Amino acid sequence: MYSYFKLKKESELGPYKRPNGFQFERRQQASLRPTRRVESSGGGGKGLTSGGLVLLAGGAVQSEPLPVSTPRVTGSGSESGYSNKRVADESGFAGPGRRRGPGFNGNSSNTWGRFGGNRTVTKTEKICRYWVDGSCSHGDKCRYLHCWSKGDSFSLLTQLDGHEKLVSGIALPSGSDKLYTGSKDETIRVWDCASGQCTSVLNLGAEVGCVISEGPWLLVGMPNLVKAWNIETNTDQSLSGPVGQVYSFVVGTDLLFAGTQDGSILAWRYSAATNCFEPAASLTGHTLGVVTLYVGANRLYSGSMDKSIKVWSLDNLQCIQTLTDHTSVVMSLICWDQFLLSCSLDNTVKIWAAVEGGDLEVTYTHKEKHGVLALCGVHDAEAKPVLLCCCNDSTLRLYDLPSFTERGKIFAKQEIRSIQIGPGGIFFTGDGTGQVKVWKWSTAPITAAMS
């Protein structure tokens with residue numbers, strides 16, 4: 001129905017090439033299930049050994065405007081005995097949710113941090129600023145990079161220009177031929193998926209904190225407000241209750257959850273009778289803003305500026321565990337089979353596993369040189385799991401899992417804060433300058449079977 005971007009070399013595309021078209025489809029998820037923790041005999045640090053691993057799709061990429069210099073998530077799986085699949089019903093939500101990538105399915109050795117290959121070796125780690133401006137006279141002899149990435153397994157297809165400030169959310173509604181992007185420039189831009197052209201701009205009058213799509217709804221977080229647009233009927237609603245900016249969204253069972261600046265998590269339930277979202281609950285416990293939410297294994301996970309992760313039961317919406325191993329803002333959460341992955345401005349990605357009794361404990365810590373802003377899971381062309389890890393040095397690093405072997409890197413003018421996975425090997429990134437870039441794996445990935 002839609003045409004993909006025509007592949008081009010990044011050196012030919014340049015930094016300001018007119019966008020072509022792209023397409024997308026719906027993605028699915030898996031869930032978190034307990035495992036036993038063991039010590040690895042090598043690879044440096046703790047490890048895990050278990051059966052086949054499945055990385056869950058994370059939520060639509062969210063943004064977390066923080067009061068720091070560099071300051072975003074649902075799942076289901078048959079093995080865990082829990083299913084988070086949703087079908088069209090009176091809840092107003094349709095189909096399995098999409099968050100941060102398709103499920104992962106691999107048969108590799110499941111030992112965290114144990115390297116299975118050589119690290120990516122680079123001659124330079126800087127983009128030529130003259131090339132960015134279109135004025136470098138050195139050509140191929142320039143010592144700096146004349147491309148936006150390093151690594152031969154993916155390519156830049158095009159970029160979508162229009163936003164003037166940080167891109168805080170990217171959404172791909174199911175069944176729609178439109179891509180939606182939100183920004184701190186107080187706008188939502190609508191892009192045609194066939195041509196890649198911006199078809200309309202919605203001026204909201206306030207910074208966009210996060211954007212997701214769920215069923216027919218496009219949900220936008222703003223200061224003291226949630227806007228809900230039904231893109232099928234062209235109607236909208238305003239959901240009141242948030243105090244301060246809305247940083248994050250996630251849908252679990254029949255509830256819409258929103259993480260807010262005052263530390264609360266607000267929940268609404270869609271009523272088919274009134275065709276409205278009605279307040280359902282307010283979860284309190286965090287002392288600072290809730291910047292990331294994730295649902296999996298009948299649990300709601302929340303990460304906060306207060307440096308903690310809270311685990312909530314979806315049965316009674318009560319907090320059942322608080323995780324305090326991070327030493328700075330918890331920026332992003334995703335699930336990978338029986339593992340919970342978290343990242344923080346403390347320069348770490350932590351891997352959590354459920355031990356006997358059901359509590360989560362850190363079983364491996366991956367260290368970066370810079371704060372980590374967002375996590376996303378994706379398949380490569382051979383259906384192997386890859387973790388996309390955004391850092392506040394304006395890079396996105398790609399790691400093979402579970403070894404954390406670096407296989408590539410994406411560069412940006414400013415830090416990348418939004419990621420969204422599309423079908424056929426396409427994924428999107430949004431950075432602090434307002435640029436949205438479209439990437440594609442060199443060969444279309446194999447779609448993993450999911451329940």
Side-chain angles (χ1 to χ4, degrees), residues 29-35 37 45-48 53 55-59 61-64 66 68 70-75 99-101 104 112-113 247-248 250 257 259 263 265 285-286 288-297 299-312 319-355 358-368 370-377 385 387-392 396-397 399 401-402 404 417 419:
Q29 307 168 313
S31 67
L32 187 71
R33 61 182 172 83
T35 185
R37 182 176 60 156
K46 298 179 180 179
L48 285 181
L53 299 179
L55 179 64
L56 293 185
V61 177
Q62 306 295 340
S63 166
E64 307 80 34
L66 304 181
V68 292
T70 52
R72 157 185 174 42
V73 235
T74 77
R99 302 288 179 270
R100 297 194 177 269
F104 279 5
W112 292 101
Y247 291 137
S248 53
V250 74
F257 295 97
I265 303 171
H286 285 294
L288 295 173
V290 177
V291 298
T292 180
L293 295 170
Y294 199 99
V295 167
R299 298 286 187 267
L300 169 68
Y301 303 92
S302 58
S304 171
M305 295 180 190
D306 66 12
K307 309 175 186 179
S308 74
I309 300 168
K310 287 187 177 291
V311 185
W312 311 79
C319 180
I320 57 179
Q321 189 179 4
T322 300
L323 311 174
T324 59
D325 290 49
H326 281 295
T327 59
S328 188
V329 179
V330 179
M331 295 296 298
S332 185
L333 301 167
I334 62 173
C335 290
W336 178 10
D337 192 27
Q338 65 265 43
F339 307 109
L340 174 71
L341 282 68
S342 63
C343 71
S344 168
L345 294 182
D346 65 8
N347 302 5
T348 67
V349 177
K350 291 187 180 293
I351 315 299
W352 307 77
V355 295
D359 284 348
L360 293 173
E361 292 185 1
V362 173
T363 191
Y364 181 75
T365 297
H366 170 76
K367 296 182 180 180
E368 290 283 350
H370 304 275
V372 188
L373 305 174
L375 300 176
C376 180
L387 182 68
L388 279 61
C389 182
C390 298
C391 297
N392 62 8
L396 185 155
R397 300 162 192 267
Y399 292 109
L401 293 179
F404 272 97
R417 297 288 297 278
I419 318 171

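Keep in mind it's a predicted model, so treat the numbers as computed, not measured. The chain is numbered in sequence order, starting from 1.
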**Q** Ignoring hydrogens and angles, tell me if any N or O in the side chain of Q321 forms a donor-acceptor pair with the backbone of L360 under 3.5 Å.
**A** yes

**Q** If you apply the rule side chain to side chain contact (heavy atoms under 4.5 Å, CB included), what do you find for V349 with T365, and how did you get there?
**A** CA-CA 6 Å; V349 177; T365 297; over 6 Å; no

**Q** Given L375 and L388, is the side chain to side chain contact (heavy atoms under 4.5 Å, CB included) satisfied, shown in steps?
**A** CA-CA 6 Å; L375 300 176; L388 279 61; over 6 Å; no

**Q** For S342, give me all partners under side-chain hydrogen bond (donor to acceptor under 3.5 Å, both in side chains), at least two apart in sequence or on another chain.
**A** H326, W352

**Q** Looking at residues at least two apart in the chain, or sitting in another chain, which of them share a side-chain contact (heavy atoms from CB on, under 4.5 Å) with N347?
**A** none

**Q** Say you draw a straight line from CE of M305 to OG1 of T292; how long is it, rounded to the nearest 0.5 Å?
**A** 11.5 Å

**Q** When rounded to the nearest 0.5 angstrom, what distance separates CG in L396 from SG in C389?
**A** 7.5 Å

**Q** For M331 and V372, work out which heavy atoms get closest and say how close.
**A** CG-O, 3.4 Å

**Q** Grab the two heavy atoms, one from W336 and one from P385, that are nearest each other, plus how far apart they are.
**A** CZ2-CG, 4.2 Å

**Q** Can you tell me how far CG of L341 sits from SG of C335, rounded to the nearest 0.5 angstrom?
**A** 8.0 Å

**Q** Measuring from atom CD1 of I334 to atom CG of L387, what distance do you get when rounded to the nearest 0.5 angstrom?
**A** 5.5 Å

**Q** Counting only N and O atoms by type, is there a donor-acceptor contact under 3.5 Å from the side chain of S344 to the main-chain atoms of S328?
**A** yes

**Q** Determine whether R299 and I320 satisfy the following criterion, side chain to side chain contact (heavy atoms under 4.5 Å, CB included), listing intermediate values before the conclusion.
**A** CA-CA 9 Å; R299 298 286 187 267; I320 57 179; 3.0 Å; yes

**Q** Hey, does L340 have a side-chain heavy atom less than 4.5 Å from the side chain of Y301?
**A** yes

**Q** Any chance you could lay out the side chain to side chain contact (heavy atoms under 4.5 Å, CB included) test for L323 and V362, step after step, and finish with the verdict?
**A** CA-CA 9 Å; L323 311 174; V362 173; over 6 Å; no

**Q** Verify the ring-centre separation between Y399 and F404: is it less than 6.0 angstrom?
**A** yes

**Q** For C343 and A374, work out which heavy atoms get closest and say how close.
**A** SG-N, 3.9 Å

**Q** Of all heavy-atom pairs between V295 and L300, which one has the smallest distance, and what is that distance?
**A** CG2-CD1, 3.8 Å

**Q** Please tell me if the side chains of H366 and K350 come closer than 4.5 Å, counting only heavy atoms from C-beta onward.
**A** no

**Q** What residues, two or more places apart in sequence or in another chain, satisfy side-chain contact (heavy atoms from CB on, under 4.5 Å) together with S302?
**A** I265, H286, V290, L293, K310, W312

**Q** Could you tell me the separation between the CZ atom of R417 and the SG atom of C390, rounded to the nearest 0.5 Å?
**A** 9.5 Å

**Q** Do L345 and N392 have side chains that get closer than 4.5 Å, going by heavy atoms?
**A** yes

**Q** Quick one: list whatever passes side-chain hydrogen bond (donor to acceptor under 3.5 Å, both in side chains) with K307, sequence neighbours left out.
**A** none

**Q** Taking C-beta and beyond as the side chain, do S304 and V330 meet within less than 4.5 Å on heavy atoms?
**A** no

